[in-house]
Amino acid sequence: MVVLSKPAPLHDHYASIKTCKPRISVFKGIPSINLRDPKAKTLIIQACQEFGFFKLLNHGVPMETIARLEAEALSFFNLPQSVKDKAGPPNPFGYGTKGIGPNGDVGWIEYLLINTDQNPEISRSAVKDYVMEVKAVACEVAELMAEGLGIERRDVWSKMLREEESDWCLRLNHYPISQDLQALSGRKMIGFGEHTDPQIISLLKSNNTSGLQICLKDGTWVSVPPDHTSFFVTVGDALQVMTNGRLKSVRHRVMTNSLKPRISMIYFGGPPLSETIRPLPSLMAKGEESLYNEFTWREYKASAYKSRLGDYRLGLFEKASTTGH
């Protein structure tokens, strides 16, 4: 079991994420964790404490299941624009282009937000098979997280993901090439602006095109080398709250690639809308106080929907600091 100290004051974490430095480098230090490694639970906690992010190897999702959904996505995104537009705007599911959310955020992107019940544009069976496999991996990772933190109930988070009312979502992103980008001689544009994921956990799968970047603790943005055979796992805001800040949701973004299109498929695992989000009492040390006011997932989701992409959404739910900051 990983030895855990009390979480650092939130104002320190907030200060670092609000001052991300412009320097970009290809980062070779992203933790790569084999899901079958006997030490996986320890390695996962270490990665989530340091980065809120890691690459998952030996995940067991059949490549044919992944390839089928990716082919379906490419087939849709290659349709004429007039045909794709009929599948939008997303409300909450459907097709969107350039506009991200209702509050003015834009990016060089087109996307589909779908689930198994509302996705006439993509084969329902392809989505169902993919989500079934990826959700199982997400649940296994969530249980290893619980074990690594020393929580007696290893299903404390996986149960939320497995419930019929679980508020999950699948997002298919396409970052296309354009003549405008090519004219910029390799300069990059924002494909998807910096943000954290609000859910419990996210599993991202992409093709071999670069573009994903994460913000390190010191505020430096680094590029994540692509790997089309692996998943990238991201800690969400809800998990940060339920661990009382021990695990941090990571700020990340996607930059465009002027030479190759990028396709990504992200499973967002959220709890039921009625679930109360608060630090787990079994995780709290003696005398440790909650850093957050409790809220329901419905409340947090509604609050996030009203915010800009790069806003620090958890700030509205933090308890007042007693340090004078």
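Numbers here are sequence positions counted from 1. Fair warning: this is a prediction, and the values are worked out from it, not measured in the lab.
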Cation-pi check for F268 against R171: NZ or CZ below 6.0 Å from the six-membered ring centre and within 45 degrees of the axis, yes or no? no

Hydrophobic cluster membership, with links at side-chain heavy-atom distances under 4.5 Å among I/L/V/M/F/W/Y: are M145 and L57 in one? no

With a 3.5 Å cut-off and sequence neighbours excluded, list the donor-acceptor pairs that the side chains of residues 200-207 form with protein atoms.
from: S202; atom 1: OG; to: D197; atom 2: OD2; distance (Å): 2.9
from: K205; atom 1: NZ; to: H228; atom 2: O; distance (Å): 2.3
from: N207; atom 1: OD1; to: T209; atom 2: N; distance (Å): 3.3
from: N207; atom 1: OD1; to: I263; atom 2: N; distance (Å): 3.3
from: N207; atom 1: ND2; to: P261; atom 2: O; distance (Å): 3.3

Determine whether L74 and V127 fall in the same hydrophobic cluster, where Ile, Leu, Val, Met, Phe, Trp and Tyr are linked whenever their side-chain heavy atoms lie under 4.5 Å apart. yes

The reported gap from CD1 in I44 to CG in L144 (rounded to nearest 0.5 angstrom) is 4.5 Å

May I ask you to decide if T296's main-chain N or O and E299's side chain share a donor-acceptor pair within less than 3.5 Å? yes

Under the rule for ring pair (Phe, Tyr, Trp, His ring centres under 6.0 Å), what residues qualify as partners of F54, not counting sequence neighbours? none

Lys/Arg N to Asp/Glu carboxylate O, E163 vs K159, below 4.0 Å: yes

So, the side chain of T243 versus the backbone of L239: is there a donor-acceptor pair under 3.5 Å, distance only? yes

For the residue pair F53 and F232, does the interplanar ring angle fall in the parallel (under 30°), tilted (30 to 60°) or perpendicular (over 60°) class? parallel

Residue pairs passing the salt bridge (charged side-chain N to carboxylate O under 4.0 Å, His left out) test with at least one member in residues 58-67, sequence neighbours excluded, are none

Between E133 and V61, is there a donor-acceptor pair closer than 3.5 Å when you use the side chain of the first and the backbone of the second? no

Would you please say whether a donor-acceptor pair under 3.5 Å links the side chains of Y130 and E72? no

Can you check whether L314 reaches Y300 side chain to side chain, under 4.5 Å on heavy atoms? yes

Going by atom types only, do D237 and T196 share a side-chain donor-acceptor pair under 3.5 Å? yes

Carboxylate-amine/guanidinium proximity below 4.0 Å for R313 and D311: no

Less than 4.0 Å between a side-chain N and a carboxylate O, is that true for E143 and R162? yes

Can you tell whether the side chains of E140 and R36 come within less than 4.0 Å, N to carboxylate O? yes

Please check: side-chain N/O of N58 versus main-chain N/O of I33, any donor-acceptor pairing under 3.5 Å? no

Salt bridge (charged side-chain N to carboxylate O under 4.0 Å, His left out) pairs touching residues 258-271, sequence neighbours excluded, are none

Would you please name every residue forming a side-chain contact (heavy atoms from CB on, under 4.5 Å) with T229, sequence neighbours left out? D227

Look up atom CG in L149 and atom CZ in R154, then write down how far apart they are to the nearest 0.5 Å. 13.0 Å

Hey, does the side chain of H195 reach the backbone of G193 with a donor-acceptor pair shorter than 3.5 angstrom? yes

For E294 and T276, test the side chains for any donor-to-acceptor distance below 3.5 angstrom and give the result as yes or no. no

Could you work out, with side chain to side chain donor-acceptor pair (under 3.5 Å) as the rule, every residue matching Q81, not counting sequence neighbours? D85, Y95

With clusters defined by side-chain heavy atoms of hydrophobic residues (ILVMFWY) lying less than 4.5 Å apart, directly or transitively, does F76 cluster with V83? yes

